[in-house]
Amino acid sequence: MASPRLETFCCPNRDPATQLVLDFQPQIYGSLCIGSGLVSLLLTIVQLLPKTKQGYRRLGRAMLPKPSSSRILFLVIICDLLGCLGILIRSSVWISSPGFISNMSLMNTSDIWPSTFCVGSAMWIQLFYSASFWWLFCYAIDAYLVVRRSAGISTIVLYHMMTWGLALMLCIEGVAMLYYPSVSNCENGLEHAIPHYVTTYAPLLIVMFANPILFRRTVAAVASLLKGRQGIYTENERRLGTEIQLRFFKIMLVFMICWTANIINETLLFYLEMQPDINTDQLKNVRNAALITWFIMGILNPMQGFLFTLAFYGWTGWNVDFNFRQKETAWERVSTSTITETAHNGTNGSFLDYPGYIQNQNKTEIGNSQQTDEALSILSEGSDASTIEIHISNELPNLDDIEADEESLENEEA
């Protein structure tokens, strides 16, 4: 679970609302976090491992230079994995060593390790999930810029600077305000907690409200781009536009599922904090709702990494290819030779330059449409209706054909 309440746990003089969720079934809650985190961690790794029987798609991707949008999606998943790892470690220590954690409630203890672990693990979780939010925001920006043909090679560097700079700055600033003057003597009052909560939820709210706007503008631009390629809007173009729109919808759906409970829970706990007594009968339903959303957070927050792999790539299967290096050699040679040939021809090396692609238009038309096709391939990468499949699904040979062609070429050269 990723919540700004994690850092508040580390203060001995924590507020009653935080104490409420901290004391409610901690063993069961920690077990839920560990179970959800392990499932997400293992399934995400399985999703990212190379698979067999995917020659078409892997060959098509190998022939394209790695776009910035693909790197951003991969970084989103990596940040989620690291944040999930922090949840696993924190929950495991809390369950296995309850006495170690109870020392944080002592005002004048000389043992600094419980507080150090509490603050360090909480900052680790907040940092990487915050970075995941900023990367998602960068993905929405990059998708829009790619369609508008404004994204350059150096854009990914700017994304790194923005993501990690903002994540570190907001994390340190929020924690410094919360733990003033020290962890063992945190100041009471919402005026010290609110800046910390703002720095935690700011990137989440930006993704929640800004990304749908950027995605909507990108989809509208894609429709214009598809119509402008050949002057007509065929079934293939309509299918590709729908697939890109569905891809954006799945990303936002996963995000809303995983983090809406956090917004609701924090709203309820803030409401309880403002009450003189949170244990009255009138607030029973509010307390129950806060505890229910608290447990939902513990299940859904760690699952974000795995759910995003489903949204980005779909289910890739269990057929893990442990010898992928050897099998990818032939594909890499084809990709390298193709890129070399296109470099001599002065083109950008898109999938349109594959030898099996039937080019019915003249060179000028192909050159003008390459940027459009590359932009569309970036947005639809990993989907079932990618531009690669639309254009060359019938012409793309399998691995055996490629190896046979290579052997014949080698024999001719000999």
Side-chain angles (χ1 to χ4, degrees), residues 1-41 78-132 164 167-188 192-193 195-197 199-201 262 265-266 269 294-295 297-299 301-302 304-305:
M1 178 271 306
S3 169
R5 297 284 165 175
L6 292 177
E7 286 89 347
T8 312
F9 290 167
C10 306
C11 294
N13 52 342
R14 58 183 72 95
D15 59 89
T18 302
Q19 193 67 43
L20 171 69
V21 294
L22 181 63
D23 293 339
F24 184 76
Q25 301 292 340
Q27 297 292 323
I28 297 177
Y29 181 77
S31 300
L32 282 176
C33 291
I34 292 175
S36 177
L38 280 175
V39 170
S40 177
L41 193 68
I78 293 300
C79 289
D80 287 335
L81 281 177
L82 293 174
C84 181
L85 182 63
I87 292 176
L88 281 174
I89 295 174
R90 176 189 60 82
S91 300
S92 300
V93 172
W94 282 26
I95 290 179
S96 61
S97 304
F100 179 77
I101 301 302
S102 63
N103 289 335
M104 293 186 305
S105 301
L106 303 178
M107 296 289 293
N108 298 316
T109 180
S110 58
D111 190 0
I112 64 171
W113 291 113
S115 296
T116 301
F117 171 79
C118 182
V119 175
S121 61
M123 289 185 65
W124 175 279
I125 296 170
Q126 179 188 344
L127 175 64
F128 284 106
Y129 275 112
S130 179
S132 174
W164 297 112
L168 282 171
M169 182 185 69
L170 292 177
C171 182
I172 294 174
E173 180 182 357
V175 168
M177 291 291 295
L178 181 65
Y179 296 143
Y180 177 82
S182 66
V183 178
S184 60
N185 189 26
C186 304
E187 289 283 351
N188 288 321
H192 293 278
H196 169 61
Y197 295 150
T199 57
T200 302
Y201 282 109
N262 293 61
N265 178 263
E266 202 58 56
L269 292 181
W294 183 254
F295 273 72
M297 291 162 55
I299 297 173
N301 289 176
Q304 178 178 253

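- Summarising the geometry of C79 relative to A131, their closest heavy-atom pair is SG-CB, 3.9 Å, with the distance given to 0.1 Å.
- Minimum interatomic distance between P302 and C33 (heavy atoms only, all atoms of both residues): CG-O, 4.5 Å.
- Between Q126 and C171, the closest heavy-atom pair is NE2-CA, 3.7 Å.
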(request) Mind running side chain to side chain contact (heavy atoms under 4.5 Å, CB included) on F117 and W94 for me, showing each step along the way? (result) CA-CA 10 Å; F117 171 79; W94 282 26; 4.0 Å; yes
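- In this structure, CG on L85 lies 6.5 Å from CG on L41, to the nearest 0.5 angstrom.
- Relative orientation of the W294 and Y29 rings is parallel, given thresholds of 30° and 60° on the angle between their planes.
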(message) The test is side chain to side chain contact (heavy atoms under 4.5 Å, CB included); show your working for Q304 and S132 and say whether it passes.
(response) CA-CA 10 Å; Q304 178 178 253; S132 174; 3.6 Å; yes
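- When atom types are taken as modelled, the side chain of S92 and the backbone of L88 share a donor-acceptor pair closer than 3.5 angstrom.
- How far OG1 of T18 is from CG of L22: 8.5 Å, rounded to the nearest 0.5 Å.
- Put simply, CG on N301 and CG on N262 are 4.0 Å apart, with the number rounded to the nearest 0.5 Å.
- In this structure, OH in Y129 is found 7.5 Å from CD1 in I125, a value given to the nearest 0.5 Å.
- Rounding to the nearest 0.5 Å gives a distance of 5.5 Å between OH of Y197 and CD of E266.
- Between atom OG of residue S130 and atom CG of residue L170 there is a gap of 6.0 Å, rounded to the nearest 0.5 Å.
- Looking only at distances, a side-chain donor or acceptor of T199 sits under 3.5 Å from a matching main-chain atom of H196.
- At distances below 3.5 Å, not a single donor-acceptor pair connects side-chain atoms of S121 with backbone N or O atoms of R90.
- With sequence neighbours left out, the side chain to side chain contact (heavy atoms under 4.5 Å, CB included) criterion links I78 to F74, L81, L82.
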(request) Run the numbers on F295 and I28 for side chain to side chain contact (heavy atoms under 4.5 Å, CB included), then give the verdict. (result) CA-CA 9 Å; F295 273 72; I28 297 177; 4.0 Å; yes
